[in-house]
Amino acid sequence: MNTLELRRVTAGIGWALHALVFEYADGSRQGRVLDNGGRDMDLSDEAIISRGGGGRWETIDAGDYIVRVCGFNSASIHYLSHGITLIFASGREICFTSIHTPWERGSFSFDVPQPGLLRDVRFRFGRCIDIEHLTSTMHLPITRNTAALLPRDLKKTLLLVLGIGNKLDNHLDGLHIGSDVWWKSLRMLRGFDLHSPHTENTSLPS
């Protein structure tokens, strides 16, 4: 499940955008790196650095996620675009753009549908044409509503947490905290915090 949690992002910039790579919590990567002829290269550090990346990665704070992608297209078809800005739920903006303004063309903007997580950005012949996203509540605080949309393999962990709360209630000398208080406490967690490779499929009670 940690293939969804964005940890860092980098880009390669010259006269326009050569590369854009996202790295996730499990170490997997998505994105594209283009050579001078506009052909795809691999997503290795060496390839990124060779395309102007400089080895500089932007680290993403835990719990933050991309809500919007915008920028300008490129006059040259051998690049991804002229530049791109990633806008996060926290208000943070990460901008990768060329200073070679003569190659700047029309703007683009895509909002990430919520609840959802950006997975990749699609480019074609110097233009950003679309985004790839996955419907998910893994990045959101846990509530009754968001919990219902969590992957089935995480619901057993949530049931375990609620079960422990119920047992604690039974050992407080008659003091009953109530399920609403436990659900309010769960808002401090996200779906990602429940992740375990050993959880099994289950259903979630109301």
Side-chain angles (χ1 to χ4, degrees), residues 1-35 38 40-76 78-124 126-141 190-193:
M1 200 59 59
N2 279 353
T3 56
L4 297 179
E5 187 173 16
L6 183 62
R7 285 292 174 83
R8 56 183 193 161
V9 61
T10 192
I13 305 168
W15 282 21
L17 189 69
H18 292 278
L20 180 68
V21 179
F22 301 98
E23 185 174 279
Y24 295 89
D26 66 347
S28 65
R29 293 179 177 181
Q30 291 285 334
R32 293 183 70 187
V33 178
L34 302 183
D35 66 14
D40 283 286
M41 302 172 67
D42 61 40
L43 304 182
S44 66
D45 288 344
E46 293 77 11
I48 296 168
I49 292 172
S50 75
R51 304 312 296 145
R56 182 176 66 90
W57 287 85
E58 295 285 350
T59 301
I60 311 307
D61 294 335
D64 211 357
Y65 55 95
I66 297 170
V67 295
R68 187 175 173 228
V69 171
C70 59
F72 289 90
N73 296 312
S74 169
S76 172
H78 298 308
Y79 294 84
L80 298 177
S81 68
H82 185 267
I84 192 167
T85 298
L86 309 174
I87 302 174
F88 289 77
S90 65
R92 179 184 182 186
E93 296 187 7
I94 298 177
C95 183
F96 301 112
T97 191
S98 170
I99 62 173
H100 186 65
T101 54
W103 279 15
E104 183 180 286
R105 291 297 183 266
S107 64
F108 61 85
S109 180
F110 297 96
D111 292 324
V112 181
Q114 293 299 317
L117 291 166
L118 181 74
R119 186 61 179 162
D120 204 356
V121 182
R122 297 177 183 171
F123 301 94
R124 185 179 183 187
R127 299 175 60 250
C128 181
I129 60 172
D130 203 357
I131 60 172
E132 180 182 336
H133 77 284
L134 295 173
T135 300
S136 175
T137 59
M138 291 287 290
H139 55 303
L140 301 177
R190 302 169 301 141
F192 285 126
D193 297 318

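Residue indices begin at 1 and follow the sequence shown.
Note that OG1 of T85 and CD1 of I66 are 11.0 Å apart. Values are rounded to the nearest 0.5 Å. Distance SG/C95 to CG/L86: 8.5 Å, rounded to 0.5 Å. Atoms CG and OG, from L118 and S136 in turn, are 12.5 Å apart once rounded to the nearest 0.5 Å. In this structure, CG in L80 is found 14.5 Å from CZ in R122, a value given to the nearest 0.5 Å.
R29 meets the side chain to side chain contact (heavy atoms under 4.5 Å, CB included) test with R8, V21, E23, L43, D45, I48, W57; sequence neighbours excluded. With sequence neighbours excluded, the residues satisfying salt bridge (Lys or Arg N to Asp or Glu O under 4.0 Å) with E58 are R56, R92. Evaluation of the side chain to side chain contact (heavy atoms under 4.5 Å, CB included) rule for A16 yields S74, Y79, W103 as partners, not counting sequence neighbours. Residues satisfying the side-chain hydrogen bond (donor to acceptor under 3.5 Å, both in side chains) criterion with H133, sequence neighbours excluded, are absent altogether. In terms of the side chain to side chain contact (heavy atoms under 4.5 Å, CB included) criterion, residue partners of H78 (sequence neighbours excluded) are, by chain and number, S76. Annotation: salt bridge (Lys or Arg N to Asp or Glu O under 4.0 Å) contacts of R32 (sequence neighbours excluded): D40. Applying the side chain to side chain contact (heavy atoms under 4.5 Å, CB included) test to T137 and every residue at least two apart in sequence or in another chain returns P115, L140, T146, L149, L150. Listed by chain and residue number, nothing satisfies the side-chain hydrogen bond (donor to acceptor under 3.5 Å, both in side chains) test with D111 (two or more places apart in sequence, or in another chain). Under the salt bridge (Lys or Arg N to Asp or Glu O under 4.0 Å) criterion, E104 pairs with no residue at all, not counting sequence neighbours.
Within the structure, side-chain hydrogen bond (donor to acceptor under 3.5 Å, both in side chains) contacts touching residues 61-70 (residues at least two apart or in different chains) are D64-S90, R68-S109.
A donor-acceptor contact shorter than 3.5 Å is absent between the side chain of N73 and the backbone of R105.
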